[in-house]
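Below: one structure, written as structure tokens.
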Amino acid sequence: MKDKKIQNLIIAEESRQKSVVNLIASENYVSDDVMNALGSVLNNKYAEGYPGARYYAGNEIIDQIEELCQRRALDTFGLSDKKWRVNVQSLSGTPANFAVYSALLPKGGKIMAMELSHGGHLSHGHRVSMTGKFWQQIPYGVDSKTEKLDYDEVRKIAKKNKPNIIVAGYTAYPRAIDWKRFREIADDVNAILMVDMSHIAGLVAGKVYKSPFKYADVVTTTTHKTLRGPRSALIFSVRDRVAEKTGEDFATKINRAVFPGLQGGPHQNQIAAVAVALKEAQSDSFKKYSRQIILNAKTLASELRQLGWRIVSGGTDSHMVLVDVWNNGEVNKKGVGGLNGKVAEEFLEREGVIVNKNTIPYDKRKPTSPSGIRLGVAAETTRGAKEVDFVKIARRIDEVLRKNI
Ligand code: DSN
């Protein structure tokens, strides 16, 4: 690279990534093939429109890449093109969710979604996100005792508020989700059921987390978390749901919302890289990696629990563990607690363990200095870590945090 300043910064970041224990739940390490597709000549092409209907000439090969990516997206999740369509152009998760709402909701319509502090996402209608300015969020949370979803309560809130869309799928909820119950609730109130499976997409592809496709009308996902692809997003929609006013199917409306509604030319290098990652996600080695993720996350949760730390909801069914490091400001019998998530994140970073501070359900502290830290095992699992390594990681976390209590 001629630009030495940028080259040196890239080298420095690569060395940082290699030297730390990475427990950011939304990060991963992609293959060289994914990187090669991202850094390819595909970056040079403009392709506004969709395969077969572009606004520029010269897209014969680009069309084949995008169609292959669509095919692989359906195949990865075992979907028939008779039942599902997929848009692969959205640049990332928040724009993908915004595209769905703008395609399917009336202006000012209601998005019923988990509130941010309980594990929801900004793009699910939070007031600081454009999704909360254009539409109204109807929040639901988790049960205060179990810290798990209470489906009867979700149903009550839906019945009372009659949302246009119900969003299931979260950013800091480590447990299994009963998609069927969500379908029943959505049907009860005639709402669209959207699943945002960004965090768990790789686990669904690897068949270690229940697939939402049997129940959802729309499924969005980023491609760079457990799915281990480039930063991008996919929007799946069922063919047999049509918009009430126009009679068009959801996918037609979503495609129009993505382009020309929200974006110009798609990033074709990114689409090719997604296609590469999706092929990898169909492999046996990916299934093995997914199984290892679950074993590693359970090991991390149980080891930390034995060391005295309170695990939110009591455990995990995914790649993620939420730890209550504050414990209501008290140090417990095993000598841990009383740390806020911000300082815990900083202490750990100083010792080369990268985590993020996170609110816990019913948090009494502010999001900038919350009660919890969120830990994810996908990135270290990609690097080959097994249960024995996660026992060591849990002990290292415990040791660093105890030093600072
Ligand atoms: N930032 C992602 C996460 O960490 O969960 C979601 O957008």
Side-chain angles (χ1 to χ4, degrees), residues 12-13 15-29 115-122 126 128 147 170-174 198-199 222 224-226 293 296-297 299-301 303-305 307-313 315-316 318-332 334-383 385 389-405:
E13 170 59 12
S15 125
R16 185 202 67 82
Q17 287 187 14
K18 285 190 172 143
S19 67
V20 297
V21 175
N22 181 4
L23 301 177
I24 302 290
S26 44
E27 292 182 9
N28 215 323
Y29 297 105
E115 65 177 76
L116 191 66
S117 63
H118 286 215
H121 192 253
L122 289 169
H126 190 276
V128 302
E147 297 171 310
Y170 315 104
T171 201
Y173 183 72
S198 293
H199 264 275
T222 51
H224 46 273
K225 299 184 174 93
T226 50
I293 282 181
N296 287 348
T299 303
L300 180 62
E303 187 67 19
L304 284 170
R305 195 183 320 103
L307 291 164
W309 298 94
R310 194 180 85 78
I311 306 300
V312 172
S313 85
T316 180
S318 65
H319 62 304
M320 187 191 289
V321 179
L322 205 53
V323 188
D324 174 3
V325 288
W326 178 240
N327 193 41
N328 280 322
E330 282 168 18
V331 176
N332 66 15
K334 290 205 170 173
V336 300
L339 286 172
N340 73 63
K342 182 171 182 283
V343 299
E345 178 190 291
E346 288 165 1
F347 292 140
L348 287 164
E349 183 172 12
R350 264 182 242 151
E351 306 273 346
V353 181
I354 308 298
V355 309
N356 72 275
K357 58 181 171 293
N358 219 98
T359 52
I360 62 168
Y362 303 95
D363 209 326
K364 294 195 189 83
R365 300 185 58 88
K366 288 183 294 201
T368 45
S369 139
S371 298
I373 53 173
R374 186 183 67 162
L375 315 175
V377 305
E380 290 302 321
T381 305
T382 292
R383 295 165 116 185
D389 304 297
F390 272 93
V391 168
K392 287 189 197 140
I393 289 171
R395 289 182 186 164
R396 190 156 160 200
I397 291 172
D398 177 68
E399 192 190 330
V400 172
L401 295 183
R402 268 177 202 273
K403 265 200 312 207
N404 291 286
I405 288 172

Original post:
Quick one: does Val331's side chain get under 4.5 Å of Asn327's, heavy atoms only?
Top reply: no

**OP:** Show your working on side-chain contact (heavy atoms from CB on, under 4.5 Å) between Leu307 and Arg395 and close with a plain yes or no.
**Re:** CA-CA 8 Å; Leu307 291 164; Arg395 289 182 186 164; 4.2 Å; yes

Original post:
For the atom pair CZ (Phe347) and CD1 (Ile373), what is the distance rounded to the nearest 0.5 Å?
Top reply: 12.0 Å

**OP:** Before giving the answer on side-chain contact (heavy atoms from CB on, under 4.5 Å), spell out for Leu339 and Leu401 the whole-Å C-alpha distance, their side-chain angles and the decisive distance to 0.1 Å.
**Re:** CA-CA 8 Å; Leu339 286 172; Leu401 295 183; 3.8 Å; yes

Show which side-chain atoms of residues 348-355 pair as donor or acceptor with protein atoms under 3.5 Å away, not counting sequence neighbours.
residue : atom : partner : partner atom : Å
Glu351  : OE2  : Lys403  : NZ           : 3.1

**OP:** Look only at the side chain of Asn328 and the backbone of Glu330, and say whether a donor-acceptor pair between them is shorter than 3.5 Å.
**Re:** no

Original post:
Taking the side chain as C-beta and beyond, is there a heavy-atom pair between Tyr362 and His118 under 4.5 Å?
Top reply: yes

Original post:
Side-chain contact, heavy-atom cut-off 4.5 Å: Val336 with Arg402?
Top reply: yes

Original post:
If every non-hydrogen atom of Ala172 is compared with every non-hydrogen atom of Arg374, which pair is closest and at what distance?
Top reply: CB-CD, 4.1 Å

Original post:
Taking 4.0 angstrom as the limit, do Glu399 and Arg396 come out as a salt bridge?
Top reply: no

Subject >> Stepwise side-chain contact (heavy atoms from CB on, under 4.5 Å) check, Asn296 with Ile393 >> reply: CA-CA 10 Å; Asn296 287 348; Ile393 289 171; over 6 Å; no

Original post:
Can you tell me if His199 and Thr171 form a side-chain donor-acceptor pair at under 3.5 Å?
Top reply: yes

**OP:** Check whether any side-chain heavy atom of Lys18 lies under 4.5 Å from a side-chain heavy atom of Arg383, and answer yes or no.
**Re:** yes

Subject >> Side chain to side chain, Leu116 and Thr359, heavy atoms closer than 4.5 Å >> reply: no

Subject >> Closest contact, heavy atoms only, Arg305 versus Gly315 >> reply: NH2-CA, 4.2 Å

**OP:** Could you tell me whether the side chain of Pro361 reaches within less than 4.5 Å of the side chain of Val312, counting heavy atoms only?
**Re:** yes

Subject >> Working for salt bridge (Lys or Arg N to Asp or Glu O under 4.0 Å), residues Glu13 and Arg16 >> reply: CA-CA 5 Å; Glu13 170 59 12; Arg16 185 202 67 82; 2.8 Å; yes

Subject >> Heavy-atom closest pair, residues Val321 and Ala297 >> reply: CG2-O, 3.6 Å

Original post:
Taking side chain as C-beta onward, heavy atoms only, is Leu375 less than 4.5 Å from Leu304?
Top reply: yes

Original post:
Going by atom types alone, do Asp363 and Ser117 pair a side-chain donor with an acceptor below 3.5 Å?
Top reply: no

Subject >> For Glu147, salt bridge (Lys or Arg N to Asp or Glu O under 4.0 Å) partners two or more places apart >> reply: Arg310

Subject >> Side-chain touch Asn22/Tyr29, heavy atoms, less than 4.5 angstrom >> reply: yes

**OP:** Please lay out, stage by stage, how Lys225 and Asn28 fare under the test side-chain contact (heavy atoms from CB on, under 4.5 Å).
**Re:** CA-CA 6 Å; Lys225 299 184 174 93; Asn28 215 323; over 6 Å; no

**OP:** Compare every heavy atom of Ala344 with every heavy atom of Val325, then report the nearest pair and how far apart it is.
**Re:** CG2-CB, 4.2 Å

